[in-house]
Structures are given as structure tokens and as C-alpha cells.
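The structure under discussion appears below in the form of C-alpha cells.
Letters go in sequence order (proteins before strands), and every chain restarts at 1.
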2 protein chains.
Amino acid sequence: MDRTARHSETRYGNRPTMKDVAARAGVGLKTVSRVVNSEPGVTPDTERRVQEAIDALGFRRNDSARVLRKGRTASIGLVLEDLADPFYGPLSRAVEEVARAHGALLINGSSAEDPEREQELVLALCARRVDGLIVIPAGDDHRYLEPEIKAGIATVFVDRPAGHVDVDMVLSDSFGGAREGVAHLIAHGHRRIGFIGDQPRIHTATERLRGYHAAMRDAGITVEDGWVSLGSTEPERVRAAAEEMLGGPEPVTALFAGNNRVTVTAVRVIAERERPVALVGFDDIELADLLGITVISQDAAAVGRTAAEHLFRRLDGAEHAPARVELPTTLIPRGSGELPPA
Amino acid sequence: MDRTARHSETRYGNRPTMKDVAARAGVGLKTVSRVVNSEPGVTPDTERRVQEAIDALGFRRNDSARVLRKGRTASIGLVLEDLADPFYGPLSRAVEEVARAHGALLINGSSAEDPEREQELVLALCARRVDGLIVIPAGDDHRYLEPEIKAGIATVFVDRPAGHVDVDMVLSDSFGGAREGVAHLIAHGHRRIGFIGDQPRIHTATERLRGYHAAMRDAGITVEDGWVSLGSTEPERVRAAAEEMLGGPEPVTALFAGNNRVTVTAVRVIAERERPVALVGFDDIELADLLGITVISQDAAAVGRTAAEHLFRRLDGAEHAPARVELPTTLIPRGSGELPPA
DNA sequence: TAGGCCCTGGACAACGTTGTCAAGAGGATG
DNA sequence: CATCCTCTTGACAACGTTGTCCAGGGCCTA
């Protein structure tokens, strides 16, 4: 490296530092720091001189150095499954809004439902020393977080519970929501009801399935083989599952879709059929009102906001035992769930 | 502060450092650094001892310190309008994916279409010394970025051009797309066509309006007062605008919607009407296929990917003059745009 | 066996900021 | 006029890491 250029103000890629500003303003380093941080104890005249130097040089405080010194980064990490999913967009935005209110920035990462990638992301965020972490887990074992939590990184799990660590959680009532949705179909006369959900590895998927079974049991209905399908939410698989349930000599007369992506595909399959098929989906979808799709709605923004507020309460010093919050869901009848059996 | 506890390994909130690891492993500080960074020149035996100490202490490298020393943060910033908007989710995800491939994390922030907030966010990201910046601008004057760009923060503007600074840009062909969409309606017999768009302050809004005017002019149609409405995309305003155009003695027979949110509201308004109204919307929407909505589609993921790739090419040292890329749009006919005039 | 080389490992400074502390100026008070 | 106090200012260390440079030991060669 060219050592003679070390402190040059003009070298490309070498930003001016407080030292440069101090030299130019003819004051001490600490005085510049005081001006930059609006600390008291600086004469208006000195402040003006420093400010002029700052503007002239285009100085911008280096937060990396600040973070190193202060220990807090004023940033939080959010690890979710897929930022492109319409459920996570609003959630993420809600988290960001709360963070902003607390003067923090948000670093996002998508795990793509891959436990390894989740861990990789989370640890990268910890290495950055984010102040807090909101995680929508892909994996089911989070012991790797123990040293981080012990070291003081506040953590909140969202949408799905954490595995083998004791942390705050904010969940939706998947069980209750699914149970209500299936009971709704039963109340409209259905007895042969199919359930198409996400991979059984995912907590919400099994909770919703549990809700389905509970509603069927409540109504004294025996669930037949072939009425339940868990697996990826790829359109092809969902389509195959739906078509199988709707075909054959004794087809189901209604479908319960385990999440927004399943619902979308189910709507497409049903649209192609002549015989009407009732449908209730978990998660609301844009334009579902126009298509008359009955859904169990969960408020993604509320989930995100709640989680972020918990997180910042922790960061502000709350010390109570880890809490588990469960947010309610709402049934929104729009027609597809009120169709009688064909 | 309790100075005696300064270097304790167990103090809450005080993470072990390389120094602690070195002490425990009985090696020098730099040796730990070498192991952590997989640098050569460490005997397998020494490496094992260090690794054990790392695991035992739960050590995690402090990237803040690393960044300070190395000068690169391995993170990029993305400032967009609203993460909850279905157009920006996929865009953001695409950016993230490219960043990941380059080993960088993504910090995003929503400007909420507020120029001041945009600037605040951008400067906060610069203070963090992100390596690069992708901005979907809300404002139209970006001279505040000059010192940052001169200091070497690579910057790419997306979706809308930058004001008064010379940087890379990745845009969609708003003008051409709108022109094509309106021409499509004209080709299906419409002459009285309404345009409902976003605030004229926003570049894409005026470009699309320009496309509308061009198509009308090409067809020799004089645009009447009251056929054009620019303003916020709030449902109430859009609804009022649409109802006004569709009411009265000489209503329009077709609508062109300037973006996804306008389209959604327009679909709702039209659904309430008896007389069919043709519609073409800018931006694709989930389930638009089922509703038969004809759209001008732009590939949000491609926009994000292209921008991020440009950015990293810059970071890898590309020095050519700032480029302006314009991505094409696609007309997807689905029914609503092919309705004849009522 | 001396001389040279390579390999491993460690001491030290530096990155840019902030907290601590002390010095000096200037005014008020006895 | 001496003393004390307040207010402004700056020198210095520290945050945890990495780059530079040097030392010491082992090995090879002449």
C-alpha cells in the first residue's frame, strides 16, 4: 500500500475521517466527534467551523468504527423463508417499521426453506453483531443459537416454534384456524373433505393438519386414505394431489388448502372442473375477494409487528421468561367455502 | 464500568474475543486469526487446539472489527418503496440471491415514497459503509449522493432514473409498455380510453402516460378532458377516478391502469358494473390469469437481478461509463383487454 | 559443521470512532 | 488578589480484528 497517500483526503476510495475534518477545521478530534453526535459543550463558532469542514470534505461518520466502540449496531436481522412470498412481504415491512421507530436498520435474508441456509444466515447476522434477531425457522434444531443468545443477542422466533432453545415466539393459531375452516365446510354439508398441505417437517403444516383431523373427529367423520396430502407446495405436486382427490368414483366434495400457494393452485384446478368444489384456504390472497375464495386469514403485518415489539422490549431490558404468543385467525366467508356438496 | 471484568469470558453480553481464544489455546492472537480465516501456515495440531478453544468458548468473529480493518463490509443496501408491495418482494429477493452468490448480505429499507426518508435511509446505509447501493428513488434530486459515489460506493438506480447524478440505471420500458397496451385496446375497437396512474412526480407514472398519449396520437384520437387521472394509488381516489370516467353521458369504454395497485382497484370497480369495460393493467398480478385480466407484464425478478449484477460488476472493478439498461415488457392477453366496446 | 532456507508462530501497529480525564481560559466570589 | 467553579477543548486509550514484519526452530546443502 502507498503509505504516503494514507491520509490524503482526495484518494479515491479513501473517505475523509474525523481526523481529516479536525485538521481542516483546526480543532481536536474529539471536538469533531462532539459536533457529529450533537453532544453539548461546543461553542457555536467552533461548531460552525467544524460543520463547514464536514460539508467541504463530504465527511460521513464511519458506523463500523462506531459500532466497534459502542458495542451496539442499531440493526436487527430477519431471516424468513422467501421475501418474494406475499405472506412475508408485509411481515417484513411491519418489522422494518418497528425497527425504524427504534432507529434500527433491518437486514433480511431468505432461507429458501433450507435449514442449513437458515443457520448460515443466522450466524452471519450474529457475526455482524446485530442487536436482535427475528427468525422464521426452516430447521427444527436451533441449539447452534445457544452461545449467541447467552452472549446477549435478543431473539424472537416467528410463525414456527424454535427447536431445543428457550426463546420468545410469536405464532399464528394454525390449529384453531384450520379446525374452524374445516368445521365451516362441514357445517355446509360436506363430509368428504380433502386436505392439501406443506411438508410435514414444517410445524405450521402439521398444526393445520391436526386442526383438520380435530374438526373431522368432532363431526364424527372418519378420514379416508387419500384425503390428506402433505408435501412441497410446487404447483405440479399440488395439482396432482388435488386431481387425485377430485377424481375417482368417490371424490371429495371440498378442499382445505394448507397455505397461500396451495390455495392458488387449488383455485386453478377447481376452475377447470365442471362440478363445483368447495374450497377454504389458509392465508388470505390478493383479489381473493373478487374470486370469492373463502379463507382463514392471518394478519402477517400484525405478526411481524408483534414480534418486533417483543424484540425491542427485550433490547430495552425486559427480563421476564421467554413468552409464547399466539395470534388468532379469522374466517372470511366469500362464497367458495359456502358451496354445498355437489 | 467494572474494569476488572473487562476480559472475563463469562460476563453476560461480553463475547469472547480472539484474545480469549488465544489465551485458552495457548497460542498467539494472530494464529487464531489464521485459523478463523482458514489461512495457510498453521500446523494441524495447532489448528485443532485453536478450534477446540473456539468451540468451547462459543467464539464468533466480530465482523464489525473486521470491516473496520478491511474496509469492505460485504453488504449492500437496497432502498425501495414498499417491501410489502408484490412488485418489490420478488425484486428484493432477486437482489438478495445475487448478493448471496457474492457472499454479501442485504440491508433493505422502504422509503414509503417519501424523498426525505429515501435520503435518510441511503445516508444511513452509506454510514454503514455498504459496498454498494441499489435505489428505487422516491425523490428526483440525488446530488446528496455525490460525495458517496466519489468515495467509491457503487450505486445502481432501478425502475426510475436518478436526478442530477450520473449513475447506472436499470429501467423497465414504461413508455413502450403503456403504448403497446393502449394500442391493444385501440386495436380492439376502443376510442374512448381512460388512463389512471400514479402521482406525476413519479417517473414511471409520467412515462406510462406518455405512452398512452403516443398510442392515442398514433390512432388519431384526441384525448378528452377527464380521460386522464394521475394521483395517489389509494383505493378511494382510484375508485372515484374510475367511477367518474365510467359515469356520465359519454363514458370511456376501456381503462388503462398505470400500476398493479390501480389495476386491483379498477378490477373491483369494473366488477360492480353491469356494462362490461375493457381493462389493461401495467404489472402482472397474482391470480390475474383466473380473473382474465390482460396486463403489461414486467419481470420484477429480472429487474432486480440485472441491477444487482451490474452492481457487483462495478464492485469487481468495471470502470466503463454509467450505463442505462431498459428491460422490455410483455403484453399478456387474458380477456379483459380484448373485450369490444360496449 | 556452518550457512542458508522454509515453515510456523507471535508482537505490534493500524483501522476510525467514542469514553475518560485533565488542562486551560474566563468569570464569580471571598 | 487568591480561590474556586464552570465551560470548552484536546490528548489518549480502547474496541477486536488483520497486515506486516521478525524470530526461532528444523531441515537441507555444501
### Message
Would you say Asn108(A) and Ser92(B) are linked by a side-chain donor-acceptor pair, where the criterion is simply a distance under 3.5 Å?
### Response
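No - no donor-acceptor pair under 3.5 Å links their side chains.
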
Starting from [atom2] on [N], measure out to [atom1] on [X] and report it in whole angstrom.
X	N	atom1	atom2	result
Met18(A)	dC15(D)	CE	P	19 Å
Arg66(B)	dG19(D)	CZ	P	8 Å
Asn62(B)	dC15(D)	CG	P	12 Å
Lys70(B)	dT17(D)	NZ	C1'	10 Å
Lys19(B)	dC12(C)	NZ	P	12 Å
Leu68(B)	dA14(C)	CG	P	14 Å
Arg129(B)	dG16(C)	CZ	C1'	9 Å
Glu39(B)	dT17(D)	CD	P	14 Å

### Task
Would you sort out whether Leu80(A) and Ser111(A) count as a side-chain contact (heavy atoms from CB on, under 4.5 Å), showing the intermediate values?
CA-CA 6 Å; Leu80(A) 37 71; Ser111(A) 70; over 6 Å; no

### Message
The criterion is side chain to side chain donor-acceptor pair (under 3.5 Å); which residues satisfy it with Asp82(B), sequence neighbours excluded?
### Response
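Side chain to side chain donor-acceptor pair (under 3.5 Å) list for Asp82(B), sorted by chain: Arg93(A).
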
### Message
Between the opening five pairs and the closing five pairs of the helix from dT1(C)-dA30(D) to dG30(C)-dC1(D), how far apart are the helix axes, to 10°?
### Response
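Result, rounded to 10 degrees: 50°.
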
### Query
Picking from dT17(C), dG16(D), dT17(D), which would you name as closest to the side chain of Arg61(A)?
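Output: dT17(C).
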
### Query
When you look at Asp140(A) and His203(A), which way does the side-chain contact (heavy atoms from CB on, under 4.5 Å) test go after all the steps?
CA-CA 9 Å; Asp140(A) 50 13; His203(A) 180 259; over 6 Å; no

### Query
Mind checking whether His102(B) and Phe312(B) have parallel, tilted or perpendicular rings, split at 30° and 60°?
parallel

Donor-acceptor pair, [X] side chain versus [Y] backbone, under 3.5 Å?
X	Y	value
Arg100(A)	Leu106(A)	no
Thr155(B)	Ile153(B)	yes
Arg15(B)	Gly58(B)	yes

#### Entry: Salt-bridge contact Arg48(A)-Asp45(A) (side-chain N to carboxylate O under 4.0 Å)
yes

### Query
Step by step, would you call Asp20(A) with Thr17(A) a side-chain contact (heavy atoms from CB on, under 4.5 Å)?
CA-CA 5 Å; Asp20(A) 300 318; Thr17(A) 70; 3.5 Å; yes

### Query
Using a cut-off of less than 4.0 Å, is there contact between a side-chain N or O of Arg69(A) and OP1 or OP2 of dA14(D)?
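No, Arg69(A) has no side-chain N/O under 4.0 Å of OP1/OP2 on dA14(D).
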
### Message
Using heavy-atom distances to pick each residue's nearest nucleotide on DNA chain C, tell me which of Ala65(B) and Gly26(B) is more 5'.
### Response
Gly26(B)

Going by atom type alone, with no hydrogens or angles, which donor-acceptor pairs under 3.5 Å involve a side-chain atom of residues 300-310 of chain A and a protein atom two or more places apart or on another chain?
residue: Thr306(A); atom: OG1; partner: Ala302(A); partner atom: O; Å: 2.6

### Task
Output the residues of residues 27-38 of chain B in contact with DNA chain C, where contact means a heavy atom of the residue under 4.0 Å from an atom of the strand; sort by number or write none.
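Heavy-atom cutoff 4.0 Å gives Val27(B), Gly28(B), Lys30(B), Thr31(B), Arg34(B).
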
Short N/O separations, protein against nucleotides 6-8 of chain D, under 3.5 angstrom:
residue: dT8(D); atom: O3'; partner: Thr43(A); partner atom: OG1; Å: 2.9

Polar atom pairs between nucleotides 24-28 of chain C and protein, under 3.5 Å, N or O only, would you list them?
none

### Query
Does the side chain of Arg66(A) reach to within under 4.5 Å of the side chain of Arg72(A), using non-hydrogen atoms?
no

#### Entry: Closest contact, heavy atoms only, Arg128(A) versus Ser64(B)
O-OG, 3.9 Å

### Query
For Asn62(B) and Leu68(A), which heavy atoms make the closest approach, and how far apart are they?
ND2-CD1, 4.5 Å

